[in-house]
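Below is one structure, written out as structure tokens; comments come after it.
Small disclaimer: the values here were computed from a predicted structure and weren't measured. Here is how names work: the chains are called A, B, and so on, in the same order as the sequence lines, proteins then strands, and each is numbered from 1.
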There are 2 protein chains.
Amino acid sequence: MSARVTMRDVARVVGMSPMTVSRALREDNTVNAKTRARVRQVAEELGYVYDSTSQAFRTQKSGFVAVTLPSVNNANFAETFRAVSNGLGQMGLQLLLGSTNYRVEKEEELVRQLLARNPEALVLTGGHHTDATRALVQGRGLPAIEMWDLPAEPLGHVVGFSNTEAMADIVAHLVQTGRRKLAFVGASEGADSRGAARRAGVVQAAQAHGLPEVAMIDAGPAPVSMRHGHAAIEAIGRDVARNDALICVSDPVAFGCLSAVQRLGVRVPNDLAITGFGAFEVAKVSNPRITTVNVQAEEIGREVVSLLQGIFEGSINTPTCVDVKSTLVPGETS
Amino acid sequence: MSARVTMRDVARVVGMSPMTVSRALREDNTVNAKTRARVRQVAEELGYVYDSTSQAFRTQKSGFVAVTLPSVNNANFAETFRAVSNGLGQMGLQLLLGSTNYRVEKEEELVRQLLARNPEALVLTGGHHTDATRALVQGRGLPAIEMWDLPAEPLGHVVGFSNTEAMADIVAHLVQTGRRKLAFVGASEGADSRGAARRAGVVQAAQAHGLPEVAMIDAGPAPVSMRHGHAAIEAIGRDVARNDALICVSDPVAFGCLSAVQRLGVRVPNDLAITGFGAFEVAKVSNPRITTVNVQAEEIGREVVSLLQGIFEGSINTPTCVDVKSTLVPGETS
DNA sequence: ACACTTTTTGTTATCGATATCATGTTACCG
DNA sequence: CGGTAACATGATATCGATAACAAAAAGTGT
């Protein structure tokens, strides 16, 4: 196996200095067109592959933007990821991804690893972090964006929406359509802070409307998905019809509930309303269509990108908060 | 903004050489326990953050494993990603992800970018690549793994299953349960090679069983999901019942079809059988449960990791092919 | 106390690209 | 034709961690 091909090798063949090769391979127009063509051709012939590591080292700019997500196995986060990834690609940046599995300690470890790669910005999901994480991020003076939430004390910039408000919209909608005995289906207390915010939003809104106490249906530890919603309802059985509305932490959970409820012979929406969260595909395709909240996962990604763009260009200097409003999407389950 | 803290800074404070600091911060036991404690404490106090870029540059080992996926917005691929990511994390490696959006040209561009980061191995999804991609990968003598497929001419190692065989299983199952007029629902010809392999598998198996020609239902360009399956059936209307089985390229597509078909009043499985692919959550939760094929997305990820482990340890030297057999999972739609 | 091993620390060179400054070459103008 | 601008290329130093070798310090047994 031959050693790797470097600019020096290319330079030797072309009969020029490595500096010229460097210039020729970049968009540097101080190099003669003929020279450039020759350099590129030789580079191609020798199978030269640019070494970003060296560049990152020399220029002290990694070309990375670090992103943490609770999980990629979630169509919403995946959508945001895709938008950010595409946007950054166009800016010549690469995305460095880490998933926290919905745990802040894991996030801390991850942030440490990611920072070691010297990213040019850090994008975190959610507004809930360990003190060490906060210290790490702020100690570097690194542009930071929190997304998918509107934290009370942001680390830096924010692109998100209010989980609490979104839930208030749902509760208002249910009250308006005559529901009073609400139940919330979500993950056990603990890890998932966005889930917790949604739960709190429901409880709060129910109180505001003077409704009886909201029943809590535990779908197990986060992350919860279709099968957990399904199983939670199966565990309860027909008693689920004591409530007249199930407010689910997400569309997959709602679909799981819907399916289980239908198997039990409970009619939706006649006997029971069901709402989801996130405007996942399944909400629109299921039968009946699930009432949900569109959080514009892609829009969040796009806003993150345009924020980053502004930050790198220098046009954004002060902490900015972008509220990507969520909107209620009425379906057939309520 | 103060300049970044380096090992040299830590060394100065401790009163030792940078080399000692380097050793103290690693798992190098040639350094005095007291010295190490002191170094670590000072590093902590100064807010020192390790610089992986420099390390990568010096040692010529990036600590990266590059992975391409068609899309993360697919629960199957996301599952594989998670398994690989977790496994690599335990080996002290970081995963560098790129998504090809199901296009080989995009893959080529991506591979170029990823190789520039000097990864220690490359994991590609699928066995279909441009010539340039093949040349790039093989020219580097870099460990390469193709997954989610069993290519005829592998680039290196392989962890996958036969899409063709899996489809043959489905067709055999449908024939056995009395179906003869098959239709295949998938993306338009072109981009998605795994989808194409599945289509070919169906056609081939149908011929082998002496069935009439398989009807093709086009769900649009890849990637196709619930809404595309749904829309494809809506476009056809009740004519869909001219077939007696819909073989779908994936579970989400199958669910979309199922939902649309139910809205049309066609009874599943009585009037029409439906099959999916991939053992997505929705197959198990939907009503009726969808007959599918379990491809063990997570297992693929785990096998990739253990292969990589073997490669790095040196215990695996020859191209290896791991066939993660897929298994038919009968549901209620057939 | 001496020779010798073991432990601990230090010195120097280096990975590949590029910022910076210096130098050489051609073009252009009056 | 001399002088200056515009263009093109080169020389050198450098980013931070660490491999490889060197050397000092601390034990160890006789």
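- Using a 4.5 Å heavy-atom cutoff, the side chains of A:H128 and A:P151 are not in contact.
- In terms of modelled atom types and a separation under 3.5 Å, the side chain of B:R8 and the main chain of B:P18 share no donor-acceptor contact.
- Ring pair B:W148/B:F161 is perpendicular by interplanar angle, where above 60° counts as perpendicular and below 30° as parallel.
- The distance between atom CE of B:M7 and atom P of C:dT11, rounded to the nearest whole Å, is 17 Å.
- Counting heavy atoms from C-beta on, the side chains of B:I300 and B:E303 never come closer than 4.5 Å.
- For A:F81 and B:F81, the distance between ring centers is not under 6.0 angstrom.
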Stepwise side chain to side chain contact (heavy atoms under 4.5 Å, CB included) test for A:R194 and A:T125:
CA-CA 10 Å; A:R194 269 163 314 291; A:T125 304; 4.1 Å; yes
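- The interatomic distance linking B:R23 (CZ) with C:dT9 (P) rounds to 9 Å, in whole Å.
- Distance check, rounded to the nearest 0.5 Å: CD of B:E120 to CG of B:L88 gives 10.0 Å.
- Each of A:P18 and A:Q60 was matched to the nucleotide of DNA chain D holding its nearest heavy atom; the match closer to the 5' end belongs to A:P18.
- Distance check, rounded to the nearest 0.5 Å: CD of B:E298 to CZ of B:R82 gives 5.5 Å.
- When DNA chain D is scanned in the 5' to 3' direction for atoms under 4.0 Å from non-hydrogen atoms of chain A, the outermost contacting nucleotides are D:dA8 to D:dG16.
- In this structure, B:R134 contributes its side chain and B:H129 its backbone to no donor-acceptor pair below 3.5 Å.
- Taking five base pairs at each end of the helix from C:dA1-D:dT30 to C:dG30-D:dC1, the local helix axes there meet at an angle of 30°, rounded to 10°.
- Distance, B:R38 CZ to C:dT9 C1': 16 Å, rounded to whole Å.
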I'd like to know whether B:R26 forms a side chain to side chain donor-acceptor pair (under 3.5 Å) with B:S22, so could you lay out the CA-CA distance, the side-chain angles of the two residues, the decisive distance to 0.1 Å, and finally the verdict.
CA-CA 6 Å; B:R26 281 182 292 166; B:S22 171; 3.2 Å; yes
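- The residue B:T20 sits close only to the backbone: its heavy atoms come under 4.0 Å of sugar-phosphate atoms, none of a base.
- Applying a 4.0 Å cut-off to non-hydrogen atoms, the residues of residues 50-59 of chain B that approach DNA chain C are B:F57, B:R58, listed by residue number.
- Spacing between atom NZ of A:K61 and atom P of C:dT18 amounts to 13 Å, rounded to whole angstrom units.
- Atom CZ in A:R4 sits about 11 Å away from atom C1' in C:dA17, given to the nearest Å.
- In this entry the distance linking CZ of B:R8 with P of C:dT12 reads 13 Å, nearest Å.
- Spacing between atom CZ of B:R36 and atom P of C:dT7 amounts to 14 Å, rounded to whole angstrom units.
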Just do the side chain to side chain donor-acceptor pair (under 3.5 Å) check on A:N73 and B:E79 with the steps written out, would you?
CA-CA 7 Å; A:N73 200 342; B:E79 192 65 31; 2.9 Å; yes
